[in-house]
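What follows is a set of notes on a single structure, which appears directly below.
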Amino acid sequence: MNDCLFCGIAAGDIPSTKVYEDETVLAFRDLNPQAPVHILVIPKTHITSVNALTEENAASATACLLAIPKIAAQEGFAAGGYRVVSNCGADAGQTVPHLHFHILAGKRLEDSMA
Ligand code: 5GP
Ligand code: ZN
């Protein structure tokens, strides 16, 4: 196993509260939620961030995006609305260098995104 935290979660070596899983994607609850619903959606294969996407690995990022409306329907927050965020690099405050999409929901989110 490499030393990537989210690769460890994807492999099941590090526990997480799973919300959704398919062949390519895992979604689990954020350990430090910033909204009533805070879910992380990751590709099971290691990609560092949006900035590392290529034609070759883009399918797993697309799979993450396609999982999001399924998760929204499953968890019941689609109607209320939600925010999807992917921090990319130091200035965005990315702390885990494995591509992930935050889903934030369950309240009226702040208007400011920056
Ligand atoms: P970033 O800051 O890289 O955009 O987001 C990383 C997210 O991962 C943070 O929201 C943080 O709370 C979450 N996180 C960090 N370590 C763990 C962990 O071990 N388990 C879970 N479920 N979330 C984690
Ligand atoms: Zn990784």
Side-chain angles (χ1 to χ4, degrees):
M1 190 188 108
N2 66 30
D3 61 0
C4 172
L5 176 63
F6 286 177
C7 281
I9 287 177
D13 297 329
I14 297 166
S16 68
T17 305
K18 200 182 297 179
V19 172
Y20 171 89
E21 182 170 21
D22 64 30
E23 208 175 292
T24 314
V25 175
L26 180 68
F28 52 94
R29 297 198 187 280
D30 196 292
L31 203 57
N32 181 28
Q34 295 187 36
V37 177
H38 189 168
I39 294 166
L40 300 173
V41 185
I42 67 168
K44 289 182 175 176
T45 54
H46 186 84
I47 299 171
T48 306
S49 74
V50 167
N51 200 47
L53 287 173
T54 63
E55 297 290 343
E56 284 67 40
N57 66 19
S60 55
T62 303
C64 289
L65 293 174
L66 290 173
I68 290 172
K70 296 178 190 170
I71 295 165
Q74 174 192 302
E75 298 298 307
F77 57 78
Y82 56 93
R83 181 169 291 159
V84 177
V85 176
S86 190
N87 293 321
C88 183
D91 276 358
Q94 183 180 9
T95 57
V96 180
H98 179 126
L99 177 65
H100 52 282
F101 298 94
H102 297 258
I103 305 175
L104 299 156
K107 68 169 188 177
R108 177 68 174 90
L109 299 165
E110 290 176 25
D111 290 334
S112 170
M113 284 196 291

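Ligands are counted one by one from 1 in listed order, and the atoms in each one are counted from 1 as well.
Taking every heavy atom of Phe28 and a limit of under 4.0 angstrom, the matching atoms of ligand 1 come to 21 (C), 22 (N). In summary, the atoms of ligand 1 found under 4.0 Å from a heavy atom of Gly93, numbered by their order in the structure, are 2 (O). Of all the atoms in ligand 1, the ones that sit under 4.0 Å from a non-hydrogen atom of Asn32 are 12 (O). Residue His100 has at least one heavy-atom neighbour below 4.0 Å for each of these atoms of ligand 1: 1 (P), 3 (O), 4 (O), 5 (O), 6 (C). Under a 4.0 Å criterion applied to the non-hydrogen atoms of Leu5, ligand 1 contributes the atoms 16 (N), 17 (C), 19 (O). Heavy-atom proximity to Phe6, at under 4.0 Å, picks out these atoms of ligand 1: 8 (O).
Considering backbone and side-chain atoms alike, His102 places an N or O below 3.5 Å from some N or O of ligand 1. Polar contact check, Gln94 against ligand 1: no nitrogen or oxygen pair lies under 3.5 Å apart.
Contact of the His102 side chain with the Leu40 side chain is registered, since non-hydrogen atoms from C-beta on lie closer than 4.5 Å. With contacts defined as side-chain heavy-atom distances shorter than 4.5 Å, the pair Val41/Ile71 qualifies. The closest side-chain heavy-atom distance from Leu26 to Tyr20 is not below 4.5 Å. Residues Leu65 and Phe101 meet the side-chain proximity criterion, which asks for heavy atoms closer than 4.5 Å. Annotation: side chain of Thr45 is not in contact with side chain of Asn57 (no heavy-atom distance under 4.5 Å).
Contact annotation: for Ile14 versus ligand 1, there are no heavy atoms closer than 4.0 Å.
Here CD1 of Ile68 is found 4.5 Å from CD1 of Ile103. Values are rounded to the nearest 0.5 Å. Annotation: the span from Ile42 atom CD1 to Ile47 atom CD1 amounts to 10.5 Å, rounded to 0.5 Å.
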Lys44 and Glu23: CA distance, side-chain angles, deciding distance, salt bridge (charged side-chain N to carboxylate O under 4.0 Å, His left out) verdict: CA-CA 8 Å; Lys44 289 182 175 176; Glu23 208 175 292; over 6 Å; no
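A salt bridge does not link Arg83 with Glu110: none of the charged nitrogens is closer than 4.0 Å to a carboxylate oxygen.
For atom 2 (O) of ligand 1, the closest non-hydrogen atom on the protein side is Thr95 OG1, 2.9 Å. Counting only heavy atoms of the protein, atom 24 (C) of ligand 1 lies nearest to Leu31 CB, 3.7 Å. With hydrogens left out, the protein atom closest to atom 22 (N) of ligand 1 is Arg29 O, 2.9 Å, a heavy atom.
Residue contacts with ligand 1: Ser16 is excluded, as none of its non-hydrogen atoms falls under 4.0 Å.
A perpendicular orientation is assigned to the rings of His46 and His98, their planes being inclined by more than 60° (bins at 30° and 60°).
Per residue His98, closest N, O or S atom to the Zn ion (ligand 2): atom name ND1. Among the heteroatoms counted here (N, O or S) of His46, ND1 is the one nearest to the Zn ion (ligand 2).
Rounded to the nearest 10 degrees, the angle SG (Cys4) to the Zn ion (ligand 2) to SG (Cys7) equals 120°.
The heavy atom nearest to atom 7 (C) of ligand 1, out of those in Leu104, Val96, Asp30, is found in Asp30.
Enclosure of atom CG in Asn51 is not indicated, since only 12 or fewer non-hydrogen atoms of other residues, nucleotides or ligands lie within 6.0 angstrom.
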